[in-house]
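Heads up: the structure comes next, in structure tokens.
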Amino acid sequence: VQLQASGGGLVQSGGSLKLSCVVSGWTDNTYNMGWFRQAPGKEREFVAAISWGGMRTSYADSVKGRFTVSRDSAKNSAYLKLQMNSLKPEDTAVYYCAADPSSGWELSDKSRYAYWGQGTLVTVSS
């Protein structure tokens, strides 16, 4: 399973960005998918996730109401997106997409995600 994230960049506070992640190489489309981020000197933290069927989503409190996660699926691949609005300087981080093959109920548990993309940098200037 391979994940490729893109869409990061530099944006002013209050602006918007849309991150994308292409997932390929899996044989069935039953993976939960999520976004995590890591700021310099901090632990990688949960941002948002969506269940394998797209029926459930979960968001960190810090991004609720500003970020929206979505996914589209094809036969052997999937596309995960993160629409980020009203960005703040504290949103600055490397954002990683990830896939959880366990398809469990808990979406925010970082330890469940077995596959990770390479990360894309989001910088929000004040």
Side-chain angles (χ1 to χ4, degrees):
V1 178
Q2 296 180 328
L3 295 88
Q4 181 74 36
S6 62
L10 174 64
V11 64
Q12 288 188 332
S13 180
S16 298
L17 276 177
K18 189 170 189 175
L19 304 184
S20 298
C21 178
V22 179
V23 187
S24 60
W26 59 23
T27 57
D28 63 71
N29 201 0
T30 59
Y31 290 15
N32 295 333
M33 296 174 67
W35 290 97
F36 293 77
R37 66 186 181 188
Q38 187 167 18
K42 294 189 176 181
E43 296 282 327
R44 190 172 299 187
E45 64 176 5
F46 170 73
V47 175
I50 187 166
S51 62
W52 66 271
M55 298 301 290
R56 293 185 298 117
T57 58
S58 179
Y59 295 91
D61 288 343
S62 59
V63 307
K64 278 181 182 176
R66 300 188 297 123
F67 291 11
T68 303
V69 62
S70 61
R71 66 184 288 169
D72 293 310
S73 299
K75 184 177 180 181
N76 291 314
S77 61
Y79 303 88
L80 179 68
K81 298 187 185 296
L82 185 68
Q83 177 66 47
M84 305 186 295
N85 298 327
S86 302
L87 283 161
K88 305 175 181 179
E90 51 263 44
D91 294 318
T92 295
V94 176
Y95 283 70
Y96 298 88
C97 56
D100 165 21
S102 73
S103 303
W105 182 259
E106 176 55 58
L107 296 176
S108 63
D109 185 351
K110 183 173 58 177
S111 67
R112 291 183 172 271
Y113 289 81
Y115 304 103
W116 294 83
Q118 85 290 1
T120 184
L121 176 62
V122 172
T123 304
V124 184
S125 63
S126 57

**Q.** Whether F36 and F46 hold their rings parallel, tilted or perpendicular, with breakpoints at 30° and 60°
**A.** perpendicular
Q. Is any side-chain heavy atom of W35 closer than 4.5 Å to a side-chain heavy atom of C21?
A. yes
Q) If we only count heavy atoms from C-beta on, is the Q2 to Y115 side-chain gap below 4.5 Å? A) no
Q | Distance in Å, S6 OG paired with Q118 CD, rounded so as to fall on 0.5 Å steps | A | 8.0 Å
Q | Contact summary for G34 and Y113, nearest pair of heavy atoms | A | N-CE2, 3.6 Å
Q: Report the C-alpha separation of W52 and M33 in whole Å, then their side-chain angles, then the decisive distance to 0.1 Å, and conclude whether the side chain to side chain contact (heavy atoms under 4.5 Å, CB included) test is met.
A: CA-CA 7 Å; W52 66 271; M33 296 174 67; over 6 Å; no
**Q.** Shortest non-hydrogen separation from A78 to R71 and the atoms involved
**A.** CB-NH2, 4.4 Å
Q. According to a 4.5 Å side-chain heavy-atom criterion applied to Ile, Leu, Val, Met, Phe, Trp and Tyr, with indirect links allowed, do L17 and L10 form part of one hydrophobic cluster?
A. no
Q. Which distance, rounded to the nearest 0.5 Å, do you find between the OG of S77 and the CG of L3?
A. 11.0 Å
Q) Say you draw a straight line from NZ of K18 to OG1 of T68; how long is it, rounded to the nearest 0.5 Å? A) 9.5 Å
Q.
Considering only residues two or more places apart or on different chains, which pairs with a residue in residues 76-102 satisfy salt bridge (charged side-chain N to carboxylate O under 4.0 Å, His left out)?
A. R37-D91, R66-D91
(Q) Please give me the minimum heavy-atom distance between C97 and L80, naming the atom from each residue. (A) CB-CD2, 4.0 Å
**Q.** Gap between atom CG of N32 and atom OG of S102 - 0.5 Å precision
**A.** 6.5 Å
Q: Compare every heavy atom of G104 with every heavy atom of R56, then report the nearest pair and how far apart it is.
A: NH2-O, 3.5 Å
Q | N85-S16 side chain donor-acceptor pair, cut-off 3.5 Å | A | yes
Q | hydrophobic_cluster_shared for Y79 and V23, side chain cutoff 4.5 Å | A | no
Q: With the side chain counted from C-beta on, respond yes when V47 and L82 share a heavy-atom pair under 4.5 Å apart, and no when they do not.
A: yes
Q: Would you kindly confirm whether V69 and F67 end up in one hydrophobic cluster when ILVMFWY residues are joined by side chain heavy atoms under 4.5 Å apart?
A: yes
(Q) As a quick check of understanding, evaluate side-chain hydrogen bond (donor to acceptor under 3.5 Å, both in side chains) for E106 and S108, giving each step before the final call. (A) CA-CA 6 Å; E106 176 55 58; S108 63; 2.4 Å; yes
Q. Shortest non-hydrogen contact from T120 to A5?
A. CG2-CB, 4.2 Å
Q.
Give me the atom names and distance for the closest heavy-atom approach of A49 to L107.
A. CB-O, 3.6 Å
**Q.** Rounded distance [0.5 Å steps], CG in L19 versus OH in Y96
**A.** 13.0 Å
Q. Does NZ or CZ of R44 come closer than 6.0 Å to the centre of the six-membered ring of W116, within 45° of the ring's axis?
A. yes
(Q) If I take atom CG from residue L87 and atom OG1 from residue T92, how far apart are they, to the nearest 0.5 angstrom? (A) 8.5 Å
